[in-house]
Amino acid sequence: MIRTRFAPSPTGYLHIGGVRTALFNWLLARQSGGQFILRIDDTDAGRNVAEALQPILDGFKWLGMDWDEGPEVGGPHEPYYQSQRSELHQAAAAKLLASGHAYRDYASADDLQALRTEAEKKGERFFYDRRFMAEDDAAAAKYEAEGRVATIRLKMPREGECVINDLIRGEVRVQWATEQDHVIQRADGSCIYHLASAVDDHDLQITHIVRAEEHLPNTARQIFILESLGYELPQFAHLPYVAEPSGTAKLSKRKLSKYEKNKDFANLLSHGRSIAERCGFETSADTFNPVIVDFYREIGFDADAILNYLVLLGWSLDGETEKFTVDEMIKHFSLDRVNKAPASFDPQKLLSFQGDAFAALSLETRVDRCRPFAVAAGFITEEAAGQNFAAIVDGAGDRIKMAGDILDFDYFFKDDIAYEEKAFQKRINKPENARELLVKLADFLESDSSDFDVDRSKALVEEFCTNESIELKDIIHALRVATTGTAAGFGMFETLAILGKDKVVARSRDAAAKR
RNA sequence: GGCCCCUUCGUCUAGCGGUCUAGGACACUGCCCUUUCACGGCGGCAACACGGGUUCGAGUCCCGUAGGGGUCACCA
């Protein structure tokens, strides 16, 4: 039985790269009927763990990645908060100490700092020389009499090599002698991540540790811990990290200002911001940006589109197939087709996937997705969203790439429309007879008493053109600007029918009167 | 700097010694469709980092070089 885990620390947000790592873990578990565990690595976290965890859990729920054990659902290996497992970690540290794989060390922070400075001065790299190691109780007592407090350090082998069998990278060899005697237990008795993580992974019976490659350099150390404790080794798979847009460095939440210089990233962000602002959502938070998964949820992305895009960041089925449902991902995913090189995050491709995913949804679903945005923007009320609203979503078709794009069609909902300056100049001001035609058309439409639907509005405008000896294009552009305020939109007659004759007539006259 | 990892179009990738004058997708772009925009259709531009081997034959295997990146805490 495959058991995988994702172990976030409660930071208050879900990073897009983290989602990719979690996705691969989740896929691996789901495809084999295995289990996916969420463990919270809050060893060093501050007080508001619950608060900082919630956005992460919400993110998982939204994305549809369910966990078999962890927060909220519990499980047979409780607790799933690392901070609550400290007894286990301390017992492991004691065991390592007893077996001689670790030692008590009495170097103070100042001592260490001095040693580092010294090494630096000589142009050497710092390598702890066990100077304050207590070989036995007598030595320990002596140090303690001086008021020193012990940390516990790993006693790493000084010869030989560690061979990591990585499912993605193959054999990775590391000389033991290059490994430091890492601290595993602090002077205050609490344990360090490497120890805690290794112990917890074993205790939770994790079979496959799938994580980002920044953990690769730590792996030898963890293998040493696991082996010294007599534990069986899990399988390791180190994923390439997700790189920044048009770059090769690791994608980081801290380098936003740099990414904003990337045109595509900046466009996505400002597009999202404009949707959120019109809905009255908070956009100043530093979590409102395309590196954080919340951003996408807030502006109406599809969870499946994000998953589809992310699964292709470092993995492929065959180089041809790109669109996967979640079930297909589960069926086809495999670690041996994961790439070794980092994949850079491409906002444009994500957007393209999202557009396709949204277009594939039924009209009913698209209406349901768009409605909350129109409500939040004050365009409609929950109750009033009837036929007309569905017709707008339908008419807009694939012009809506994400649910929040419904806000682009604000002219259907507002009483006063704003004219785009350029469009107004070109289609109403510049043509000599545009105003005259608009007024005439308004009169003509008004004189007709039949139902004003798509077909009827088309027939009427065409008849008008015949009467005036003009072509459709001679009036339609002016009519569009007059009725919508913009030069671009969907089918003119669908637009007119949704607006209704009264508004079309009134807006035509308004536009003609405006200077 | 030490250790480790990586290297095919701008980007995501296919390629597991001959079928590669290197395929697909996004982006860009030309034409067509068209009441605008979007969609769609048909084209186009564009890559094996470099140098040595091995081999009849190398994008594919080996070794170097260069470049990029990760990591080096009593953080996770």
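Protein chains get the first letters and strands the later ones, always in sequence-line order, with residue 1 at the start of each.
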Who are the salt bridge (charged side-chain N to carboxylate O under 4.0 Å, His left out) partners of A/Glu120, not counting sequence neighbours?
-> none

What string of B, S and - do you get for nucleotides 30-36 of chain B, 5' to 3', if B is base contact, S is sugar-phosphate-only contact and - is no contact with any protein heavy atom under 4.0 Å?
-> -----BB

Start with the C-alpha distance between A/Arg85 and A/Asp203, add both sets of side-chain angles, then the distance that settles side-chain contact (heavy atoms from CB on, under 4.5 Å), and finish with yes or no.
-> CA-CA 10 Å; A/Arg85 319 184 114 253; A/Asp203 188 62; 3.1 Å; yes

Polar-atom pairs under 3.5 Å, protein N or O versus N or O of nucleotides 67-69 of chain B: list them with distances, or write none.
| unit_1 | atom_1 | unit_2 | atom_2 | d |
| --- | --- | --- | --- | --- |
| B/G68 | O3' | A/Thr248 | OG1 | 3.4 |
| B/G68 | O2' | A/Thr248 | OG1 | 2.7 |
| B/G69 | O2' | A/Tyr241 | OH | 2.2 |

Starting at atom CG of A/Leu317, determine the distance to atom P of B/A14, rounded to an integer number of angstrom.
-> 11 Å

Can you pull the salt bridge (Lys or Arg N to Asp or Glu O under 4.0 Å) pairs that have at least one residue in residues 339-350 of chain A, sequence neighbours excluded?
-> A/Glu322-A/Lys349

Write out a two-atom table: protein N or O, nucleotide N or O from nucleotides 19-22 of chain B, distance below 3.5 Å.
none

Going by the angle between their ring planes, with limits at 30° and 60°, are A/Phe126 and A/Tyr128 parallel, tilted or perpendicular?
-> tilted

Angle class for the A/Phe409/A/Phe490 ring planes (parallel below 30°, perpendicular above 60°, tilted otherwise)?
-> tilted

Ignoring backbone atoms, test whether A/Arg221 places a side-chain nitrogen or oxygen under 4.0 Å from the OP1 or OP2 oxygen of B/C4.
-> no

Quick one: what's the B/S/- string for nucleotides 23-28 of chain B, heavy-atom cutoff under 4.0 Å, read 5' to 3'?
-> BBBSS-

For A/Ala187, report the nucleic acid contact type (base, sugar-phosphate, nothing); a contact means any heavy atom under 4.0 Å.
-> base

A/His194 near the nucleic acid: base, sugar-phosphate alone, or nothing, with a heavy-atom cut-off under 4.0 Å?
-> base

A/Asp286 meets the salt bridge (charged side-chain N to carboxylate O under 4.0 Å, His left out) criterion, sequence neighbours left out, with A/Lys253

OP1 or OP2 of B/G2 under 4.0 Å from side-chain N/O of A/Thr178 = no

Contact class for A/Ala343 (heavy atom, under 4.0 Å): base, sugar-phosphate, or nothing?
-> sugar-phosphate

Can you pull the salt bridge (Lys or Arg N to Asp or Glu O under 4.0 Å) pairs that have at least one residue in residues 123-134 of chain A, sequence neighbours excluded?
-> A/Asp129-A/Arg131, A/Arg130-A/Asp181

Looking at residues at least two apart in the chain, or sitting in another chain, which of them share a ring pair (Phe, Tyr, Trp, His ring centres under 6.0 Å) with A/Phe324?
-> A/Trp315

Scan for salt bridge (Lys or Arg N to Asp or Glu O under 4.0 Å) pairs involving residues 236-245 of chain A, sequence neighbours excluded, and state none if there are none.
-> A/Glu244-A/Lys255, A/Glu244-A/Lys258

Residues which pass salt bridge (charged side-chain N to carboxylate O under 4.0 Å, His left out) with A/Arg153, listed by chain and number, not counting sequence neighbours = A/Asp105

Given B/A14, is OP1 or OP2 found less than 4.0 Å from the side-chain N or O atoms of A/Asn339?
-> yes

A/Arg116 near the nucleic acid: base, sugar-phosphate alone, or nothing, with a heavy-atom cut-off under 4.0 Å?
-> sugar-phosphate

Check the interface with nucleotides 42-47 of chain B: list each N/O to N/O pair with the protein under 3.5 Å, or write none.
none

